[in-house]
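The next block holds one structure in the form of structure tokens; read it before the comments.
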There are 2 protein chains.
Amino acid sequence: MSTIRGARERARIEVTAAIKDEARKQLAEEGAAKLSLRAVARELGMVSSALYRYFPSRDDLLTALIVDAFDAIGAVAEQAAERTEALPPAGRWVAVACAVREWALAHPHEYALIYGSPVPGYIAPTDTVGPASRVGLVLIDIVRSAVLADDLALPPLADELRADAERMAADFAEGVPPEAVAALVAAWAQLFGLISFELFGQFNRVVEAREPLFRQAAGELARSVGLRDSGTA
Amino acid sequence: MSTIRGARERARIEVTAAIKDEARKQLAEEGAAKLSLRAVARELGMVSSALYRYFPSRDDLLTALIVDAFDAIGAVAEQAAERTEALPPAGRWVAVACAVREWALAHPHEYALIYGSPVPGYIAPTDTVGPASRVGLVLIDIVRSAVLADDLALPPLADELRADAERMAADFAEGVPPEAVAALVAAWAQLFGLISFELFGQFNRVVEAREPLFRQAAGELARSVGLRDSGTA
DNA sequence: CGAAAGCAAGAGCACTGCTCTCGTTCTTGG
DNA sequence: CCAAGAACGAGAGCAGTGCTCTTGCTTTCG
């Protein structure tokens, strides 16, 4: 599959990429709200209606950017995990968290696009769920690789939570005990809460030492999912 | 101050309130992106230009809604804290957290307005910082009221964080030890991370038992700031 | 009472997303 | 190989937006 049949198909791929690049550029400069199809077309030297041959609507363009952003932040997380494979799990956890945070700081508008308020009538197309889960899967993997070596003492689960935690474990975190899965999902959300507060201005006039605070909190989150600082393996 | 001088002034207040109400209604239905000045004016039976006598721009209208939303969620938090004054601190913490979450679930678009991605060129007018800090102040108060009775064992702070934590304690959390202040600020962000993930769809197809998960995580966050479950007031 | 300030209305500008039509160009099956 | 058909870019146009400016009317107040 994906063999390029002719000049037309090749051109289509290139133009599609050019549109996304220009859109990403405008997104980085002005934010999603100011992203204008007409401005993108103008900058590319084509007329606005021509753009609809490639994206059926503005929302579809945004969706494409969303998928790309999820993939980018997912790739960053995966790379950080690979790069630190030798480290103890808690260290890997913090490394992944810091990598994600740094990507967010470097691409604030793209981060806002995927972890801020859903922009349009917030449909969540099915093609976003795959890329969207990559960061989470990295965190799960780190915990999974550690859970065998470490007998963890996690807080017991309430009954209503236990059943769902077992389902989650079966669904996407096989081999991880339910207590850890529940803590993991919560820690996942909390990690992005820290990043969002920093990025969206909630820490303005409050926190100055943001990187140290993030490291400290990420380290505590690692503990909360059962990773010990002096973890063996 | 604030004595109503005449019919004109009284009318101005009423019209301003009517505009905000209609805007809030449209915000709740369609979200901030779709909020249209012209539609608000239309619904109110006036012409769009007349609206500019009351709000100099669309962003100013949004800012007014933001302030109101911060006040509303702050009031909810304060009420929850008052209502549970007799409970042990950890219980109050969870009660406040749940109250905030429930307000968010009931007013998703208003929540997105204040804790989602900053909508316009994200200026943060000075008149928003007061209302914005009310929830945080409630949490600080709970910890402060408990810190005397409980000798807490919190993780030590890194050097770069310690200085800032001491500054924060002096600035807005007098009487709370720096370890608790750092944990508090992080827990504050993490709390809203949990709410945002649930509200913005990140938990779709992942977490089903969201309320139990939130309670569990909020309880752990209470522990993380030094509040014991069996705390003796 | 009359000047001044506050107000609503309307027209208008520049911009947006999106649709439709019309020639042109490339692709492909008979 | 060439004609039918699909893909494409350009342009005009529609409905909607935020915002400005001018024009009269009404309320306020010296």
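Here is how names work: the chains are called A, B, and so on, in the same order as the sequence lines, proteins then strands, and each is numbered from 1. Worth saying up front: this structure is predicted, and the values here are computed from it rather than measured.
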**OP:** Return the minimal non-hydrogen interatomic distance between B/V96 and B/A77, and the atom names on each side.
**Re:** CG2-O, 3.8 Å

**OP:** For B/D60 and D/dT20, give me the distance from atom CG to atom P, rounded to whole Å.
**Re:** 11 Å

Original post:
Any salt bridge between A/R10 and A/E14, counting N to O under 4.0 Å?
Top reply: no

**OP:** Can you tell me the distance, in whole Å, between the CZ atom of A/R58 and the P atom of C/dC18?
**Re:** 8 Å

Original post:
How close or far is atom C1' of C/dC7 from atom CG of B/L44, stated in whole angstroms?
Top reply: 15 Å

**OP:** Could you please name the option among D/dC19, D/dG9, D/dT17 that lies closest to any side-chain atom of B/R42?
**Re:** D/dT17

Original post:
Contact class for A/L61 vs. all strands (heavy atom < 4.0 Å): base, sugar-phosphate, or nothing?
Top reply: nothing

Original post:
Does D/dG9 have OP1 or OP2 sitting under 4.0 Å from an N or O in the side chain of A/Y52?
Top reply: no

**OP:** Calculate the interatomic distance between B/D59 atom CG and D/dC19 atom P; express it in whole Å.
**Re:** 7 Å

**OP:** Please state how far atom CG in B/L62 lies from atom C1' in D/dT17, giving the value in whole angstrom units.
**Re:** 14 Å

**OP:** Under 4.0 Å between any heavy atoms, over every strand shown, what does A/S49 touch: base, sugar-phosphate, or nothing? Just pick one.
**Re:** base

**OP:** Using a 4.0 Å heavy-atom cut-off across all strands, classify B/L35 as base, sugar-phosphate, or nothing.
**Re:** sugar-phosphate

Subject >> Separation of D/dT17 P from B/E30 CD (nearest whole Å) >> reply: 11 Å

**OP:** Tell me what B/S48 touches on the nucleic acid: a base, only sugar-phosphate, or nothing, going by heavy atoms under 4.0 Å.
**Re:** base

Original post:
Given atom CD1 of A/I13 and atom C1' of D/dC8, what is their separation to the nearest angstrom?
Top reply: 16 Å

Original post:
When the distance from CG of B/L51 to P of C/dG6 is rounded to whole Å, what number comes out?
Top reply: 18 Å

Subject >> Minimum-distance nucleotide to A/M46 side chain [options: D/dA10, C/dC18, C/dA9] >> reply: D/dA10

**OP:** Hey, could you give me the OG1/CG distance between B/T63 and B/D68, rounded to the nearest 0.5 Å?
**Re:** 11.0 Å

Subject >> Under 3.5 Å donor-acceptor pair, A/R53 side-chain atoms to D/dG9 base atoms >> reply: yes

**OP:** Describe the nucleic acid contact of B/F55 in one word from base, sugar-phosphate, nothing, applying a heavy-atom distance below 4.0 Å.
**Re:** nothing

Original post:
When only distance counts, do a donor and an acceptor, one from the side chain of B/R38 and one from the base of D/dG16, lie under 3.5 Å apart?
Top reply: no

Original post:
Do you know the tightest heavy-atom contact between A/Y52 and A/S57?
Top reply: CE2-CA, 4.3 Å

Subject >> Below 4.0 Å: OP1/OP2 of C/dG6 and any side-chain N or O of B/R8 >> reply: no

Original post:
With a 3.5 Å cut-off and no angle check, do the side chains of A/Y111 and A/S196 form a donor-acceptor pair?
Top reply: yes

